[in-house]
Protein chains: 2
Amino acid sequence: MHKREVIGINTLAYGLLSLLTVSPSYGYDLISKIKLFWPANHGQIYPLLAKLVDNGLVSYEQVQQCDKPDKKVYSLTESGKAALLDWIAKPTAAPALRDELALKTFCIRKTEPATARSLFAARIGFYKQNLKDLQDKENLLKEKLAIDDLSQIPFDSPYFGGYLLIQKAVWNITSDLQWCEWALKLFEKHLAERQL
Amino acid sequence: MHKREVIGINTLAYGLLSLLTVSPSYGYDLISKIKLFWPANHGQIYPLLAKLVDNGLVSYEQVQQCDKPDKKVYSLTESGKAALLDWIAKPTAAPALRDELALKTFCIRKTEPATARSLFAARIGFYKQNLKDLQDKENLLKEKLAIDDLSQIPFDSPYFGGYLLIQKAVWNITSDLQWCEWALKLFEKHLAERQL
DNA sequence: CTTTTCATGTAATCTGTTACATGATTGC
DNA sequence: GCAATCATGTAACAGATTACATGAAAAG
């Protein structure tokens, strides 16, 4: 007996299944959640959800709301849960980072140090906002779970994965921020030298 | 007088122009270089280089080699240099990271802690190899420039940008590594608790 | 003798972004 | 009055991956 090949189901699709392990949800909400750790937009997600239904990995229920549009609330099927577990055990693809600032950095010497400085200053502002948002999210989680030390969240809590990812983001953004600030200091140094 | 709109030239294209500021180069070499800080493959790059020629941003010369295939050596044109400077001054897009491990982490509670452990152990191995490669590259740069403190590289050196990017990668990978190791410890803790 | 490296290209397919499309409600 | 939020969808286009295609030399 061999498994039926699940066709056209990509990494993003597994990400959606992953979100649905916490609780049933609908497209609009899944979009806002997945965006926190995987770039995606509604033009991808609505068709993908339909495909997941076709493949029998999720099922949905039409839910009517008062003063709001109807929504389709999706849940994992048994087949969806099985597909998810198979995927987790498979080798994980290497991470892919696309950062335009890195490409600009490569030829940064072609600009004035002052231009370089404003380029990096803008990115630093971006990261600082990100960091604030993450701290808010962390605090929200603490309130919701009514614990102060989030590392006490049990392995099988529905919030365990989300907590790990908040920490990942904090670590990553902190390192990016440090790099930007270090580079900025270098630019300042070169600016000062030029003015001698 | 307004500038002619440069059409169909994307971020990867600017990345190629960026590489060409250091020295003229050919497709095969540009692929290996750009891969260090932007995911791309030859199926994209050869057609893009042709497009850049059509747009007059680069020009090429066919170069014959003994015992090796011919190659097309591309150089920046004046128009290419101008396009590059325009691009640097424009607002920079936010970085986009796609990491399958993050999606898996979100539903990690659905696996055994032992599975989680091997998932993260594999990624730790990957990052450690990455770090070694980076250290090699750093040492190579030190030898080539015959200096021990790379932060002394002048702003207008052709190696300045590359040096900044090596440091960025070191910072990033170190933070990823620390996160993985922290998560691994959490898994170990949970494993130990289960065995009580 | 087979795989890797060098070197370039195209074609098919898949993934991702932006625009088009609808429509009610809430806040400014 | 106008933009944003909620909610779903499709279509057109752009970007990325993989496979197909060639061919010589070097390394194992």
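Chain naming here is simple, since letters A, B, ... match the order of the sequence lines and numbering starts at 1 in each. Since the structure is predicted, the reported quantities are computational estimates derived from the model, not experimental observations.
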Check your understanding: Is there side-chain contact between B:L119 and B:T105, with at least one heavy-atom pair below 4.5 Å?
Key -> no
**Study point:** For A:P24, side chain to side chain contact (heavy atoms under 4.5 Å, CB included) partners two or more places apart
**Key:** A:V73, A:S75
Distances under 3.5 Å between nitrogen or oxygen atoms of protein and nucleotides 13-17 of chain D:
from, atom 1, to, atom 2, distance (Å)
D:dA16, OP1, A:R98, NE, 3.2
D:dA16, OP2, B:Q44, NE2, 2.6
D:dA16, O5', B:Q44, NE2, 3.3
D:dT17, OP2, B:N41, ND2, 3.0

Check your understanding: How close or far is atom P of C:dC14 from atom OH of A:Y14, stated in whole angstroms?
Key -> 15 Å
Practice item. Indicate for each nucleotide in nucleotides 20-28 of chain C, in 5' to 3' sequence, whether protein heavy atoms under 4.0 Å reach the base (B), only the sugar-phosphate (S), or nothing (-). Key: ---B-SS--
Exercise for review: Would you jot down, in residue-number order, the residues of residues 24-32 of chain B having a non-hydrogen atom under 4.0 Å from DNA chain C?
Suggested key: B:Y26, B:G27, B:Y28
Review point. Of all residues at least two apart in sequence or in a different chain, which pass the side chain to side chain donor-acceptor pair (under 3.5 Å) check with B:R98?
Key: none
Exercise answer: donor-acceptor pairs, residues 27-36 of chain B side-chain atoms, under 3.5 Å, sequence neighbours excluded:
from, atom 1, to, atom 2, distance (Å)
B:D29, OD2, B:S25, OG, 2.7
B:D29, OD2, B:K33, NZ, 2.8
B:S32, OG, B:D29, O, 2.9

Exercise for review: Starting from P on C:dG16, measure out to CG on B:L97 and report it in whole angstrom.
Suggested key: 13 Å
Practice item. Give the rounded distance in Å between these two atoms: OH of B:Y74 and P of C:dA7. Key: 13 Å
Study note, to complete from the structure: Rounded to whole Å, the CG-P distance (A:L48 to C:dG16) equals 9 Å
Exercise for review: Mind checking side chain to side chain contact (heavy atoms under 4.5 Å, CB included) for A:S18 and listing every partner two or more places apart, or none if nothing turns up?
Suggested key: A:L84, B:F106, B:C107
**Study point:** Ring center gap for B:F120 and B:W182 short of 6.0 angstrom
**Key:** no
Check your understanding: What pairs with A:L191 under side chain to side chain contact (heavy atoms under 4.5 Å, CB included), at least two apart in sequence or on another chain?
Key -> A:P113, A:R117, A:E188, A:Q195
Revision key, fill the gap. To the nearest angstrom, the CG-P distance between B:D70 and D:dT22 comes to 19 Å
Practice item. Please report, rounded to the nearest Å, how far the C1' atom of C:dG16 is from the CG atom of A:L16. Key: 14 Å
Review point. Can you tell me how far P of D:dT10 sits from OH of A:Y46, to the nearest Å?
Key: 11 Å
Point to revise | Length of the CG-P vector between A:L52 and D:dT8, whole Å | key: 15 Å
Study note, to complete from the structure: Taken in chain and number order and not counting sequence neighbours, the residues that satisfy ring-ring contact (aromatic ring centres under 6.0 Å, His included) with A:Y127 are none
Practice item. Linking directly or through intermediates, with side-chain heavy atoms under 4.5 Å: list the remaining ILVMFWY members grouped with A:L97, chain and number order. Key: B:L97
Exercise for review: Take B:K72 and B:V53 through the test side chain to side chain contact (heavy atoms under 4.5 Å, CB included) and record every step on the way to the result.
Suggested key: CA-CA 12 Å; B:K72 290 182 177 178; B:V53 172; over 6 Å; no
Review point. Hey, does the side chain of B:Q65 come within less than 4.0 Å of C:dC6's phosphate (OP1/OP2), counting only N and O?
Key: no
Review point. Heavy-atom distance under 4.5 Å between the side chains of A:L85 and A:K81, does that happen here?
Key: no
Practice item. Enter the inter-axis angle for the ends of the helix from C:dC1-D:dG28 to C:dC28-D:dG1 (five pairs per end, rounded to 10°). Key: 40°
Which atom pairs, one a donor and one an acceptor, fall under 3.5 Å between side chains of residues 158-169 of chain B and the rest of the protein, sequence neighbours left out?
from, atom 1, to, atom 2, distance (Å)
B:Y163, OH, B:S151, N, 3.4
B:K168, NZ, B:N172, OD1, 3.2

Exercise for review: Report yes or no: do A:Q129 and A:D133 form a side-chain donor-acceptor pair below 3.5 Å?
Suggested key: yes
Review point. Taking all atoms of both residues into account, what is the closest heavy-atom pair of B:R109 and A:T21, and its distance?
Key: NH2-O, 2.9 Å
